[in-house]
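Letters A, B, ... are given to chains in the order of the sequence lines, protein chains preceding strands, and every chain is numbered from 1.
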Amino acid sequence: MTSETPAAPARKLFLLDAFALIYRAHFAFSKNPRVNSKGLNTGAILGFTNTLVEVLQKEKPTHIGVAFDGPKKTFRHEQYAAYKAQRQAMPEDIGLAIPYIKQIIQAFHIPILLVEGYEADDVIGTLARRAEQQGFGEVYMMTPDKDYCQLVTDCVKIYRPAFMGNAAEILDVAHVLQRFEVERAEQVIDILGLQGDASDNIPGIPGIGEKTAKKLIQEYGSVENLIANVDQLKGKQQQNVREFAEQGLMSKELATIHLDVPIEFEADKLVLDQPDHEELRRLFDELEFRQLAARVLDGGSPAGVTGNVSPRAKNEKRKTNAGQGSLFGTPADAAVAIGAEEGETGSLGAPAGLRRTLEDVAHQYHLLDTPALRAELLKFLLLQTEVSFDTETTGLDTMTARLVGLSFCWLPGEAYYVPVPQADDAAAQALVDEFRPFFDAEHILKIGQNIKYDLTILKHYGVEIRGPLFDTMLAHYLLEPDMRHGMDVLAETYLHYTPVPITALIGPRGKNQKTMADLPPAQVSDYACEDADVTLQLKYVFEPLLKEVGLLDLLNEVENPLVPVLAAIEYEGVQIDSAAMGEYSAELQGYITELETQIYQEAGEEFNIGSPKQLGEVLFDKMDLGGKKIKKTKTGQYATGEEILSQLAADAPIAGLILEYRQLSKLRSTYVEALPQLVCELDGRVHTSFNQAVTATGRLSSTNPNLQNIPIRTEKGREIRKAFVPRDANHLLLAADYSQVELRIMADFSGDQTMIEAFRLGQDIHTSTASKVFRVPLNEVDSEMRRKAKTVNFGIIYGISAFGLAQRIGISRKEATDIIDTYFEEFSSVKQFMDDSINKARELEYAETLLGRRRYLRDINSRNATLRGYTERNAINAPIQGTAADIIKKAMINIHEWLRDEKLATRMILQVHDELVFDAPQEEVAYITPKIKELMATALLLPHGVPLEVEVGTGKNWLQAH
DNA sequence: CGATTCACG
DNA sequence: ACGTACGTGAATCGA
C-alpha cells in the first residue's frame, strides 16, 4: 500500500553525458592504448562501460538514461559560427567506438536520449529539471564537465565518476557555490560568460580570467549588471568590457544550458531494467573484455583482485576476520584503490599531468611489529597463491646490504610491512627464518620488481626461494625492450600513480646519505608497502598484455626462471688472483712509461696522450701528419681512433707507439687495476651484476665489473685471463662455447642448403665460405681468403654493406661489391632471408626471435635513408642475435637445474653471450663435460635442424680453459 | 655529463 | 645524394 504512494520508494535518477564520458575515457587510454586482437582501439568503450557499471553497482539508481548530442547543428552554431569550430574533428577511434557503446547501452536496456539540434547538456538539464518537478528527490547528472554546475539544485547534483585515485565525487549546491564563489548556481553562467571557455571556443571578455570573473560577479551579480555599471570599472578593464560587451553577452548565452528542449520526461521509460546478458556477453567477447565480463556477467569480483585467493583462503579470511576483527582480509571491493586491471577505477581516467600519489589514494598499509601479528600475517600468506613482496635493506650493494624489513601484498591497496625488530644481523636472520615457510612454499607465485635483488639478499640469510617467480621489470622488458623499466616510471605509465620517491625518505645521494635502517619503521612501512602494492598491480596489468602479444611464455619459461640462475652466479662470484694482477700491473706500467718517453721524443714535447684533443693537435697541427686523410669527429675535433692511427702508423712511428700506449693503458686501468679493487672483502671474490633488462636484443649485460669484455684478442690482453682462477687447487675452470651460433642460426632461418650442408658436414664455415666466394676448391683456400670470408660472414649477420666490408678488409669498394654479389649468388637463400626479414619488419614494425622476443623497429619505414638503413640492419640482426640469447638462456636454466638436482658442487660463474664458465671440482669434470655440451646443444632446436656445436675446455685459469 | 675510445661477443 | 656492420660497459677528458 505504502509502496503506491509516490513518495515512498526513494527514486534515484542518473543522466549520463555520453560524449563527455567517452572523450575522457578515450584520452585516459591514449598513453597506453588498449587494442583488441582485431586492431580496434577499445579504450573509450572500456572506460565508458566501466563507468556505467560502476555507477550501476555502487549507486544502484532506480532510473537511468544516457544522453548523446543530437544530430545537426545546434542553435549555438547558428548563433555563433566559431562555436566549437577549432575543436578538432572527432578522433577516428572514438567514431569507431560509438556504435559499440550504443549497443552496450542498449544491451543494458538503458534508453538513449537525443534530440535533434540540441546537445546532451540541454537534454540532461531539461530532463533533470522536469524530474525534480515530478518529485524525484535525487537526480544526478553524470559528467566531468563543469558547465553543468549552473544546473545544480538541492535535488539535482553532478556526479563525477571515480577518477583514478579520487573516488566518485558528488557536487551539490554547496560545492558549486564554494568553487565559483557565487551566491546562486545560475551565476556560474555569468562566470563562464566572462572568462570564456577555450575548449568550446567561447570567447568571453579579453583580459578576464577565472579570478577576475569571480570578483566581478561577486560585485555585480551578472554580466548584464556589470555592463550596465561599466563606468565604475577602471582603465583597461573598463575599456575591454565596453568594447566586448556584446561578446560577453553572447558568451553567456552560449554557456547557458537550455531547459526548454522539446522532450517529454516519462519516468516509466527510464526505470532501470535487467540487462540482456546474452547480448552483453556477445559484445564483451568481441571486444575481448574478459575481466569486465567476469565481473558483470558472472557476478564475480574482478579476477585480478581476488582471483589469486583460493576460495578456501577467502573463507578462512572471512572467518578470522569476523572472529577477531583484525587487519587482514578487507573485502575485495573495498580494496580496488589503485587497481588498474582492465580499466579498473584506477586506469579509467588519467589525463596527462594528473597523477595520483600515496596521499590521495585509498589504501591500507599496515605495520606489523609484534610476534603475534607476524604469525598472523604468515598464516595468511600461506593461504595465497600469488604474493608480491619486497625487501628493504641498508643499500643497493647486495654483498653488504643488510635486511631492514619485508613487505607483502596480495590484494591491491592492502599491504603489510614487517620490520626487523632490532638493528642487528641476528634479528634479521630470525625474521627471515620466521618467514621461511613462505619463501619455501612451492605453491605461491612470488612477484617482485627486479626480484633478483631480493633473492640475493635472502640468500645471505640462507634462503633459497622456491616456487615460481614473476618479475614485473622483466615483464616490461619483454613488452618494451628499449625503454626503462624502473618501478616509478612503470607506476606512472601503467597505473597513473606516483610512488613516494626513495629520496623522500633517505635524502639525495651523497654524503650523509641515510639508509632505511636510520628511519623509524612506521615511516619505512608506507614506502615498503607501496612498493609491494604497486608491484602486484603492475603484474595484473602486464600479464594480460603479455598474453595478448604472445610473450607470456617467453617470460614464464625463460626470463623468470633465469632470475634465480643469475642470482646464483652473481652470489657465487669469481676468484681473482689479485697478486698476479698486481705483478702484471707493474709490468704494464713499465711498458707504458717507456712508451710515454718515446712518444714525447717523437712529438718533441710532453702532452696528455690520454686526451684525444691534445693528441689530435700534436699529430695533425704540430707534426702535420695525415695529409688529406684527416678526419674530424662530429664535434669538430680531429679523430684519433684506432682506424686512423693504424693508417698513419705506416709512415709515422709515433702513431704505432700511441696505439700501443692506448692498448696498455686500457688494459691497466680498466682491468688490471680495477678488478682487484672490486674483490669482495667477505669472500675474496668478484661479484658482477648481470642485467637482464638492458639490451634491445635479449642479451644479458654485465656491470660492476663488466666480466663480458675481459681481453682475449691480443697477447698482452689475454694475459689478464690468467688471473681468473678456480676457487682452490682442487677445482678447475671449465669453459663451454657455442661455435658460430649466430651463423648457424642464420643458416637455419634462411634455410640455405649450401650453408646448412657445410654445418652438417662439420666443415670450417669460414673456409667453406671462402671456397664459394673466391670460387676455389676447399683445399686451395689460403689464410688470407679465410680471413676475408670470416669478415664477410660476420658482415652478413650485421646487415652487410659494400662500403663497410671494403673498409674492414682493406679492399676497394668495387672488390667488396664483387665479393658480396658472389656471396649472394652462392647463398641465394641468405639474400632472400635478408629481404624477407626487412619486409616482415616493414609490415609488423618489429622483428622477432625464435621464441617470439620482439624488438620494435618503428623507424623501418622512415623517409630518412640513414635511419631506415640502420633499422633495416637491425631487422636482420635482432632475430639472430636475439635467438642466440634465447638459446643460451634456456641452456643456463637447464644446466643450473641439472647441477642442483644432481647435487653437484660445480657452479656456473659466468656467461659471455655464447660461452658459459664453470668452477668445477676436478673429480666432477669428466661427468659434467658431456652433459653440459648436450644441454647447451639441445637447449632449443632450430627449425631446419641445423645442429649447434659446443666446445669445452678446462684449465687452471680462464685462458687455459679455452 | 657528453664525447671519445676501446675492451668483448 | 648520403652514410655506412650488430650488441654492450668503463675509463678518461674537459666543458
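Among the atoms of the strands shown, only primed sugar atoms or phosphate atoms (P, OP1, OP2) are found under 4.0 Å from some heavy atom of Thr640(A). Residue-level contact check: Arg662(A) touches the backbone only, with heavy atoms under 4.0 Å from sugar-phosphate atoms and none from bases. Counting any heavy atom pair closer than 4.0 Å across all strands shown, Glu642(A) reaches sugar-phosphate atoms only and no base atom. No engagement by Thr688(A) is indicated, since no non-hydrogen atom pair under 4.0 Å with the nucleic acid exists.
Qualifying side chain to side chain contact (heavy atoms under 4.5 Å, CB included) partners for Asn704(A), counting only residues two or more places apart in sequence or in other chains: Leu678(A). With sequence neighbours left out, Lys716(A) forms a salt bridge (charged side-chain N to carboxylate O under 4.0 Å, His left out) with no residue at all. Annotation: ring-ring contact (aromatic ring centres under 6.0 Å, His included) contacts of Phe827(A) (sequence neighbours excluded): Tyr823(A). Here Asp471(A) pairs with nothing under the salt bridge (charged side-chain N to carboxylate O under 4.0 Å, His left out) rule; sequence neighbours left out.
In this structure, Glu719(A) pairs ionically with Lys722(A), as a charged nitrogen and a carboxylate oxygen lie closer than 4.0 Å. Checked for salt-bridge contact, Lys840(A) and Glu848(A) meet the test: a charged N lies under 4.0 Å from a carboxylate O. Taking the charged nitrogens against the carboxylate oxygens, Lys629(A) and Glu643(A) have no contact shorter than 4.0 Å, which rules out a salt bridge.
Near DNA chain C, meaning a heavy atom under 4.0 Å away, the residues from residues 811-832 of chain A are Arg813(A). Within residues 695-713 of chain A, the residues that have a heavy atom under 4.0 Å from DNA chain B are, in order of number, Arg699(A), Gln708(A), Asn709(A), Ile710(A), Pro711(A), Ile712(A), Arg713(A). Near DNA chain C, meaning a heavy atom under 4.0 Å away, the residues from residues 876-889 of chain A are Asn877(A), Gln881(A).
For the P atoms, the distance from dT5(B) to dT4(C) is 14 Å, rounded to whole Å.
Taking atom CD on Gln663(A) and atom C1' on dA11(C), their separation rounds to 16 Å, with Å as the unit. Straight-line distance from the CZ atom of Arg853(A) to the P atom of dC6(C): 20 Å, rounded to whole Å. Spacing between atom CD of Glu643(A) and atom P of dT4(C) amounts to 11 Å, rounded to whole angstrom units. Regarding Gln637(A), its CD atom lies at a distance of 9 Å from the C1' atom of dC13(C), rounded to whole Å. Put simply, CG on Asn793(A) is 13 Å from C1' on dA5(C), counting in whole angstrom units. Separating the CD1 atom of Ile797(A) from the P atom of dC6(C) is a distance of 13 Å, rounded to the nearest angstrom. Distance Leu664(A) CG to dT12(C) P: 14 Å, rounded to the nearest Å. Going from atom CD of Gln614(A) over to atom C1' of dA15(C) covers 14 Å, rounded to whole Å.
Put simply, the side chain of Asn691(A) never gets that close to the backbone of Ser701(A): no donor and acceptor are under 3.5 Å apart. Judged by distance alone, with hydrogens and angles left aside, the side-chain atoms of Ser702(A) form a donor-acceptor pair with the main-chain N or O of Pro705(A) at under 3.5 Å. A donor-acceptor contact shorter than 3.5 Å links the side chain of Gln911(A) to the backbone of His913(A). A donor-acceptor pair is defined here as one N or O able to donate and one able to accept, closer than 3.5 Å; such a pair exists between the side chain of Asp752(A) and the backbone of Ser829(A). When atom types are taken as modelled, the side chain of Arg744(A) and the backbone of Val946(A) share no donor-acceptor pair closer than 3.5 angstrom. Counting only distance, with no hydrogens or angles, the side chain of Asp764(A) and the backbone of Thr767(A) share a donor-acceptor pair below 3.5 Å.
Note on Thr866(A): every side-chain N or O is 4.0 Å or more away from OP1 and OP2 of dT4(C). Regarding contacts with the backbone of dG7(C), a side-chain N or O of Asn874(A) is found under 4.0 angstrom from either OP1 or OP2.
Residue pairs meeting the salt bridge (Lys or Arg N to Asp or Glu O under 4.0 Å) criterion with at least one member in residues 817-834 of chain A, sequence neighbours excluded: Arg775(A)-Glu825(A), Arg775(A)-Glu826(A), Lys814(A)-Asp818(A), Lys831(A)-Asp835(A). Applying the salt bridge (Lys or Arg N to Asp or Glu O under 4.0 Å) test to residues at least two apart or on different chains, the pairs with a partner in residues 697-709 of chain A are Arg699(A)-Glu742(A).
You can see that DNA chain B meets the heavy atoms of chain A within a 4.0 Å-exclusive cut from dA3(B) to dG9(B), reading 5' to 3'.
Judged purely by distance below 3.5 Å, without hydrogens or angles, the side chains of Thr398(A) and Glu570(A) never pair a donor atom with an acceptor atom.
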Both atom distances under 3.5 Å, Watson-Crick or G-U wobble: I'd like the secondary structure of DNA chain C as a dot-bracket string, with | for pairs made across strands. .....|||||||||.
Pairs under 3.5 angstrom only: tabulate donor-acceptor contacts from the side chains of residues 613-623 of chain A to other protein residues two or more places apart or in another chain.
{"unit_1": "Gln614(A)", "atom_1": "OE1", "unit_2": "Asn608(A)", "atom_2": "N", "d": "2.9"}
{"unit_1": "Asp621(A)", "atom_1": "OD1", "unit_2": "Tyr638(A)", "atom_2": "OH", "d": "2.5"}

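Of all nucleotides listed (dG3(C), dA11(C), dA10(C)), dA11(C) comes nearest to the side chain of Ala674(A). Distances were taken from every side-chain heavy atom of Ser669(A) (C-beta onward) to each of dC13(C), dA11(C), dA15(C); the shortest belongs to dA11(C).
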